[in-house]
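All of these numbers come straight from a predicted model, not from anything done at the bench. In what follows, chains are A, B, ... by sequence order, proteins preceding strands, each numbered from 1.
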4 protein chains.
Amino acid sequence: MVKQHKKKDLRRKQIIEAAIEVFGNNSFKEASISEIAQRAKIAEGTIYQYFKNKEDLFFSIPAEMIEEFWDELDLHLQGIHDSFNKMSKFVWFYLYHFKMNPAYARSMMLEMRVSKNFSKSKTHDKVVWIYERVLEIIKEGQEEGLIRKDVEGYAIREMLMGMLEARLTRWLLKDEKFDLMENYGEICDLIFNGIKSSAASNWGSSPQSMKLLNIAN
Amino acid sequence: MVKQHKKKDLRRKQIIEAAIEVFGNNSFKEASISEIAQRAKIAEGTIYQYFKNKEDLFFSIPAEMIEEFWDELDLHLQGIHDSFNKMSKFVWFYLYHFKMNPAYARSMMLEMRVSKNFSKSKTHDKVVWIYERVLEIIKEGQEEGLIRKDVEGYAIREMLMGMLEARLTRWLLKDEKFDLMENYGEICDLIFNGIKSSAASNWGSSPQSMKLLNIAN
Amino acid sequence: MVKQHKKKDLRRKQIIEAAIEVFGNNSFKEASISEIAQRAKIAEGTIYQYFKNKEDLFFSIPAEMIEEFWDELDLHLQGIHDSFNKMSKFVWFYLYHFKMNPAYARSMMLEMRVSKNFSKSKTHDKVVWIYERVLEIIKEGQEEGLIRKDVEGYAIREMLMGMLEARLTRWLLKDEKFDLMENYGEICDLIFNGIKSSAASNWGSSPQSMKLLNIAN
Amino acid sequence: MVKQHKKKDLRRKQIIEAAIEVFGNNSFKEASISEIAQRAKIAEGTIYQYFKNKEDLFFSIPAEMIEEFWDELDLHLQGIHDSFNKMSKFVWFYLYHFKMNPAYARSMMLEMRVSKNFSKSKTHDKVVWIYERVLEIIKEGQEEGLIRKDVEGYAIREMLMGMLEARLTRWLLKDEKFDLMENYGEICDLIFNGIKSSAASNWGSSPQSMKLLNIAN
DNA sequence: AATGAATGAGAATTCATTCAT
DNA sequence: AATGAATGAATTCTCATTCAT
């Protein structure tokens, strides 16, 4: 019985791995069940024994990968107690994880995230969960006095994740031609210190400058 | 003769407008020529008198819009001579432009940018051109002493555009539920000053902290 | 008035000439009215002022050409009074005519002749008329004692035209790579004398051999 | 397994048979996949499981038929050892074969042979192969002293096949109104002995007559 | 008489999903 | 549980012909 179960899980994994490759190199519509079946060395019909339909298979990919991501990240975070290093580690591992799984990165960033139904899927909950963990780290940082308190944690998170997602996207669109992790320190620096020259007066935080930004809407 | 020409231009515009709506609410594959024709109140065949095929029509959308974007931005930039305000204006207008054209934003950000052939299309050149203009503004800012010189202009641009694209994407994925421009000042602030608490020691720029960032790859 | 008429005829000719080229390089379905119009340097609509529809234009091509063919052949036959030379001249001119008009040859042999409606068209009558002229020459030959009388003129004509059409077809299918008129004498020889070795006993004309040909149907 | 395979072959045959009928009564363009599917009593999509596309299906027809043609002809040639009878048998079987398969004859002679891509197709190789077999028989005849040696085998073959193809074509264009095999003996006679009256002097083979044939090109 | 923009019917092909074996 | 043959809906694109100017 146990053996049976294991065999099922193995088959599932086998299909998902084939799916990652195929969805990674093709848009959702372009990717074909038949190619996935071929890669997994099974019959097309068999896929429907494990997944309800094509979309179900598609959305099952990150469910697996995010779990893995968090488990490994958790290990990396062990023994780190200051939020500064936690954050730095998160940035590093985020990039590292996708660098190691480019096909997955591709379908996740360029297709899944952007698809209409994804936000309603169970898998999306896991993404949300990760985002909440990030927010926690940021809030810790604010408590510790490392991160500005005059800006909401949400905004900080938006900036942090936006930067990471933007770089990841650029890397994928440039066909992984540059090293995703090059200048990783510089990214952290920019996130932390901003783009302002140290000589320059503050931008945006002084009442005067706020006036300058005449926001129409 | 002139009248004829105008009529052709009008028809073209009419088709593009219908296409923006349809592509904005559906993925490229889901969008159908027949729906576009219906919306434009013309026969399907007529579309093929103006565009080579479905993809040509798709890629013609930003070609039109980017031109418009730059022309209007240009007006807004008139009379502004310091890079600080130029940048601020760019941020503002970028968000404003997409806020005013959400269907276009949707197809541009969530579909086009991500499509395999887009980077080879003529339209992509226009995107590149905009990015070059942004880099110029940044370099001006560096000359004026407003923006850090210890980081390459490219990296600054990546941060700036990454932040904007990330917010735009989040806005679209949240179904435009929040105001794209709310906290616009805060975004500028974060870009400019970073997330660091003013009390905190520098992150990333001091030799010690650099050591902490043990980059494995 | 007369001038008007001439202008019309000129236009017609102009369209037919363009059509010969286009139909010569494409099958009837592949050939497009728009390409013919382009070649003729007129608008598509104009073609419909001169021809009822695409098929009408197609079938009008040989109507023009056959007339020309016969007129010129007639000149060549002037002064020739024995059927031997008339026939020889016919063979020569048939090949020569098509050699000089390969695009026309192509549409005539490979498309028109083979098309369902051609035999019902007015043009087809002209083809029939030519065939009748050939039969006359053959009968003359039989009267003069040059050509066998034990075989019906129709059968002789079938052989003669079959040989010519077969060579023409082969020439076109081989992309006009060989000279259509090479060995023209040999063709005549074979038609005249057959393939039998002079040493061999008669084939087919003796009662015995007829028995050998046990025709089942 | 064997059963499965047989089933697939059967389906293929079933589609080809439907295709022969439909292509036999329509030009390639006019023939529709949907009609073929209807006739074969299967879904349109099924055709694409067996053939790459419409053209592949079209060209697969003679591939099947030529094989059959040769196999049967081979049986008929068994026990015949003189080239005279081999040739006679070939002529007979060629006509008989097409008489029995008029729809196939139609698509083969009036469409396929004439189509641009056919000469590049694999199927065309089979036609070439048949032609080579015919040449062999002719050369045998020359060795045996039955057939003239003063004319190249190729020319003899051109005459022979030209006559057959011409008759076949005429039969098809006349809507099979006459009996394809009537006067079959007469055809053989003409091929063998030519059209010349036995009383007439040689035509084309004497030096004088060659002069008469003043070939301009 | 000439134009050429607009039409819209028509056909090939793809592929996720089902289901009998 | 696994298979893979069969399905058929759905969609792009072409092009002869028309007709208002």
Side-chain angles (χ1 to χ4, degrees), chain A residues 4 7-8 11 28-38 40-58, chain B residues 1 3-4 7-8 10-12 29-37 40-57, chain C residues 4 7-8 11 28-38 40-58, chain D residues 1 3-5 7-8 10-12 28-37 40-57:
Chain A
Q4 288 275 22
K7 207 177 148 196
K8 256 205 119 168
R11 198 61 122 198
F28 178 76
K29 283 273 180 178
E30 283 164 8
S32 81
I33 292 289
S34 108
E35 196 187 337
I36 294 171
Q38 254 173 274
K41 286 171 191 175
I42 54 168
E44 288 175 55
T46 307
I47 290 178
Y48 289 85
Q49 306 264 351
Y50 293 84
F51 302 92
K52 223 168 63 234
N53 53 35
K54 194 181 176 185
E55 199 181 55
D56 180 32
L57 168 56
F58 188 45
Chain B
M1 266 309 191
K3 206 175 154 194
Q4 289 276 22
K7 208 175 147 195
K8 267 208 114 174
L10 222 77
R11 210 29 136 221
R12 222 189 113 90
K29 284 271 181 176
E30 282 162 7
S32 85
I33 291 290
S34 103
E35 195 188 335
I36 294 172
K41 286 170 191 172
I42 52 167
E44 285 180 51
T46 306
I47 290 178
Y48 290 88
Q49 300 248 354
Y50 293 83
F51 302 93
K52 233 176 41 240
N53 52 35
K54 193 181 174 184
E55 199 182 54
D56 182 32
L57 169 56
Chain C
Q4 288 275 23
K7 206 177 148 199
K8 252 204 121 169
R11 198 61 122 198
F28 178 76
K29 283 272 178 177
E30 282 164 7
S32 82
I33 292 289
S34 110
E35 196 187 336
I36 293 171
Q38 254 173 274
K41 286 172 191 175
I42 53 166
E44 288 174 53
T46 307
I47 290 177
Y48 289 85
Q49 305 264 354
Y50 294 83
F51 302 93
K52 225 172 57 236
N53 53 35
K54 193 182 176 185
E55 200 181 54
D56 180 33
L57 168 55
F58 188 45
Chain D
M1 266 310 188
K3 208 177 157 193
Q4 290 276 23
H5 215 94
K7 209 176 148 195
K8 269 209 112 172
L10 222 75
R11 206 39 131 215
R12 224 190 110 91
F28 178 76
K29 283 271 181 176
E30 282 163 7
S32 85
I33 291 291
S34 103
E35 196 187 337
I36 294 172
K41 287 172 191 175
I42 53 166
E44 287 179 48
T46 305
I47 290 177
Y48 291 86
Q49 300 249 354
Y50 293 83
F51 303 92
K52 234 176 40 243
N53 51 36
K54 194 181 175 185
E55 198 182 54
D56 181 32
L57 169 56

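Counting to the nearest Å, the C1' atom of E:dA11 and the CZ atom of D:Phe28 are 12 Å from each other. Computed from coordinates, the D:Phe51 CZ to E:dT14 P distance equals 15 Å when rounded to whole Å. Between B:Asp56 atom CG and F:dC13 atom P the separation is 10 Å, expressed in whole Å. Protein atom NZ of B:Lys54 is 11 Å distant from nucleotide atom C1' of F:dA10, rounded to whole Å. In this structure, A:Lys29 places its NZ atom 11 Å from P of F:dT12, rounding to the nearest Å. Distance NZ (C:Lys52) to C1' (F:dA16): 14 Å, rounded to an integer number of Å. Look at CD on A:Glu55: it is 18 Å from P on E:dC15, rounded to the nearest Å. A:Ile36 places its CD1 atom 11 Å from the P atom of E:dT17, with the value rounded to the nearest Å.
A heavy-atom distance below 4.0 Å to DNA chain F is reached by these residues of residues 41-49 of chain C, ordered by number: C:Glu44, C:Tyr48.
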Under 3.5 Å, which donor-acceptor pairs link side chains of residues 41-48 of chain A to any protein atom two or more places apart or in another chain?
residue : atom : partner : partner atom : Å
A:Thr46 : OG1  : A:Ala43 : O            : 3.4

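Phosphate contact (OP1/OP2 of F:dA5, side-chain N/O of D:Lys8, threshold under 4.0 Å): present. A close approach under 4.0 Å does not occur between any side-chain nitrogen or oxygen of A:Arg11 and OP1 or OP2 of F:dA1.
To the nearest 0.5 Å, atom CG of residue D:Asn53 and atom CG of residue D:Asp56 are 5.5 Å apart. Atoms CZ and CG, on D:Arg12 and D:Leu10 in that order, are 12.5 Å from each other to the nearest 0.5 Å.
Mapped onto DNA chain F by nearest heavy atom, B:Glu30 and C:Ile33 fall at different nucleotides, with B:Glu30 at the one closer to the 5' end. The 5' end of DNA chain E is approached more closely, in terms of each residue's nearest nucleotide, by D:Ser34 than by the other of A:Ser34 and D:Ser34.
The side-chain hydrogen bond (donor to acceptor under 3.5 Å, both in side chains) test applied to D:Glu55 returns D:Asn117, not counting sequence neighbours.
Among the atoms of the strands shown, only primed sugar atoms or phosphate atoms (P, OP1, OP2) are found under 4.0 Å from some heavy atom of B:Ala31.
The listed nucleotides are E:dA16, E:dA12, F:dT12; the one nearest the side chain of D:Ser32 is E:dA12. Listed nucleotides: E:dT17, E:dA1, F:dT12. Nearest to the side chain of C:Tyr50: E:dA1.
Considering every non-hydrogen atom in both D:Lys8 and D:Tyr50, the closest pair reads O-CE2, 3.5 Å. In this structure, D:Glu30 and C:Lys29 approach most closely via the heavy-atom pair CG-CE, 4.3 Å.
Using Watson-Crick or G-U wobble geometry with both donor-acceptor distances under 3.5 Å, F:dC15 finds its partner in E:dG8. Using Watson-Crick or G-U wobble geometry with both donor-acceptor distances under 3.5 Å, E:dT3 finds its partner in F:dA20.
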